[in-house]
Amino acid sequence: MSTGDFVNGVTLRNRGLPNSHRLQTYVDTGGYVALRKVLQEAMSPDQIIAELKTSALRGRGGAGFPTGLKWSFMPKGVSGMKYLLCNADEGEPGTCKDRDIMRYDPHRMIEGMIIAAYAMGARVGYIFIRGEFIEPIRIVEGALAEAYQNGFLGERILGSDFSFDLYVHRGAGAYICGEETALMEALEGKKGQPRFKPPFPASYGLYGQPTTINNVETFASVPDIIVHGGQWFLELGKPNNGGTKIFSVTGHVQKPGNYEVPMGTPFRDLLAMAGGLRPGRTLKAVIPGGTSTPMVSGAQMMEVTMDYDSLAKAGSALGAGSVIVIDDSVCIVKVVERISRFYMHESCGQCTPCREGMGWLWRVMHRIEQGQGRESDLDLLENVGSRIEGRTICALADGGVAPVVSSLRLFREEYLYHVQHGRCMVGGSPGVRRVA
């Protein structure tokens with residue numbers, strides 16, 4: 001993977017430095033200055049939250065909810081435990097950014113969590129890391145030990161009255177645990193399944209206590225906001241889309257990797273940073289936010305800027321910033337069949353429309369890909385999708401429907417070719433031809 005870079009980066013600024021994961025490197029490059037500012041200059045929780053609101057930092061895990069507003073939901077003046085959780089599960093296909101923050105600059109995430117805990121009055125936090133992330137887990141656990149040894153975690157942090165404990169929890173590799181309430185269920189030792197909302201985590205979260213959950217990249221953005229101010233962060237991006245964002249660019253590019261760029265960067269510029277397409281190929285489609293976001297045609301994508309609002313106008317979503325580039329050598333039907341299999345496998349089974357519907361979608365997609373499809377299958381896919389969307393506890397099912405419905409809208413002729421000829425229009429090997 002390329003180590004794509006942005007000179008004024010925030011969350012990946014130290015990547016490439018020797019021992020960038022160690023405390024000394026982080027301190028030497030301005031680390032924990034934000035925490036000292038908060039505790040030693042006695043910034044109030046309200047001041048911190050106000051800076052976050054000004055910054056227009058939106059949740060980097062996929063939903064894009066305003067971070068400062070989310071923090072303000074935590075109840076004040078209540079007795080009892082409050083919890084802070086970091087979603088480091090990163091199971092969205094195409095996403096590989098959070099593991100790089102944890103590998104190269106874990107103290108930035110940790111400092112952001114400590115500041116967040118202070119702002120919301122949390123005493124205990126958990127970093128929920130995907131169990132397969134062996135190297136990031138080892139590095140984060142080492143960083144936590146360094147933070148404790150140097151007074152940044154534990155009792156009376158930096159001599160203040162504020163105390164905070166932070167732990168790593170290893171997940172079991174379930175995609176559904178990227179959903180915040182399923183993550184809490186797993187932390188409590190239960191099967192990872194989403195909860196009904198309301199009540200929302202800020203009022204009834206982990207162990208029934210007020211809880212806030214944010215993503216790795218979100219927390220890693222916090223220290224610079226405190227040091228430089230919310231307005232500074234906002235101006236790195238654009239209105240309603242503050243700061244920088246890491247985009248994991250994969251697929252048919254010559255330099256796949258993580259690229260941290262200002263929000264609002266044109267997609268064509270991001271594509272150029274990733275080395276562009278392979279020689280002789282043209283851009284066919286892009287899945288801009290991970291496989292749970294709708295597909296966008298190549299032509300339309302070249303006019304899009306990489307921010308929440310622009311991608312919403314294009315009929316898709318920024319999601320977790322997982323940009324999957326598809327060139328003209330690829331059969332769209334085959335791509336979507338593979339994606340559908342993933343969502344069928346990862347459905348937790350709690351909601352009937354998802355449990356049964358994801359299986360229906362994959363089986364019909366598989367039938368078409370294998371050359372056994374019927375023209376009526378195209379309407380069937382859309383019909384099944386319409387009976388799934390908006391009818392489940394969480395958004396996994398909607399995410400599984402999105403690539404099917406969007407690809408049908410954009411590339412219906414490829415589906416028809418599969419049905420009529422029993423094989424792919426482009427790329428790949430023929431399916432099993434249908435016998436008349």
(request) Give the ring-plane orientation class for W232 versus H228, where under 30° counts as parallel, over 60° as perpendicular and anything between as tilted. (result)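 Rings of W232 and H228: tilted, 30 to 60°.
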
(request) Measure up the Y32 and H107 rings against each other and bin them: parallel (under 30°), tilted (30 to 60°), perpendicular (over 60°). (result)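 Y32 vs H107 ring planes: perpendicular.
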
When you measure from the side chain of [X] to the backbone of [Y], do you find a donor-acceptor pair of N or O atoms at a distance under 3.5 Å?
| X | Y | answer |
| --- | --- | --- |
| S221 | E217 | yes |
| N14 | Y104 | no |
| T25 | N19 | yes |
| Y118 | M43 | yes |

Could you tell me whether [X] and [Y] have a side-chain N and a carboxylate O separated by less than 4.0 Å?
| X | Y | answer |
| --- | --- | --- |
| K97 | D100 | no |
| D309 | K238 | no |
| E180 | K70 | yes |

(message) For R60 and T11: C-alpha separation, side-chain torsions, deciding distance, then whether side chain to side chain donor-acceptor pair (under 3.5 Å) applies.
(response) CA-CA 11 Å; R60 302 303 200 224; T11 56; over 6 Å; no

Which pair of heavy atoms, one from [X] and one from [Y], lies closest together, and at what distance?
| X | Y | value |
| --- | --- | --- |
| L84 | M113 | CD2-O, 3.1 Å |
| P403 | I339 | CG-CG2, 3.7 Å |
| G264 | T305 | O-CB, 3.4 Å |

(request) Tell me yes or no: between the side chains of Q231 and E235, is some donor less than 3.5 Å from an acceptor? (result)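 Yes.
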
(message) Before you tell me yes or no, could you show the steps for D98 and R130 under salt bridge (Lys or Arg N to Asp or Glu O under 4.0 Å), namely the whole-Å CA-CA distance, both residues' side-chain angles and the distance that decides it to 0.1 Å?
(response) CA-CA 11 Å; D98 291 339; R130 176 164 287 266; over 6 Å; no

(message) If you define the side chain from C-beta out and look only at heavy atoms, does anything of N240 sit under 4.5 Å from R58?
(response)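 Yes, at least one pair of side-chain atoms sits under 4.5 Å.
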
(request) Test salt bridge (Lys or Arg N to Asp or Glu O under 4.0 Å) on E179 and K197 and set out the steps. (result) CA-CA 12 Å; E179 197 279 335; K197 292 183 286 190; 3.6 Å; yes

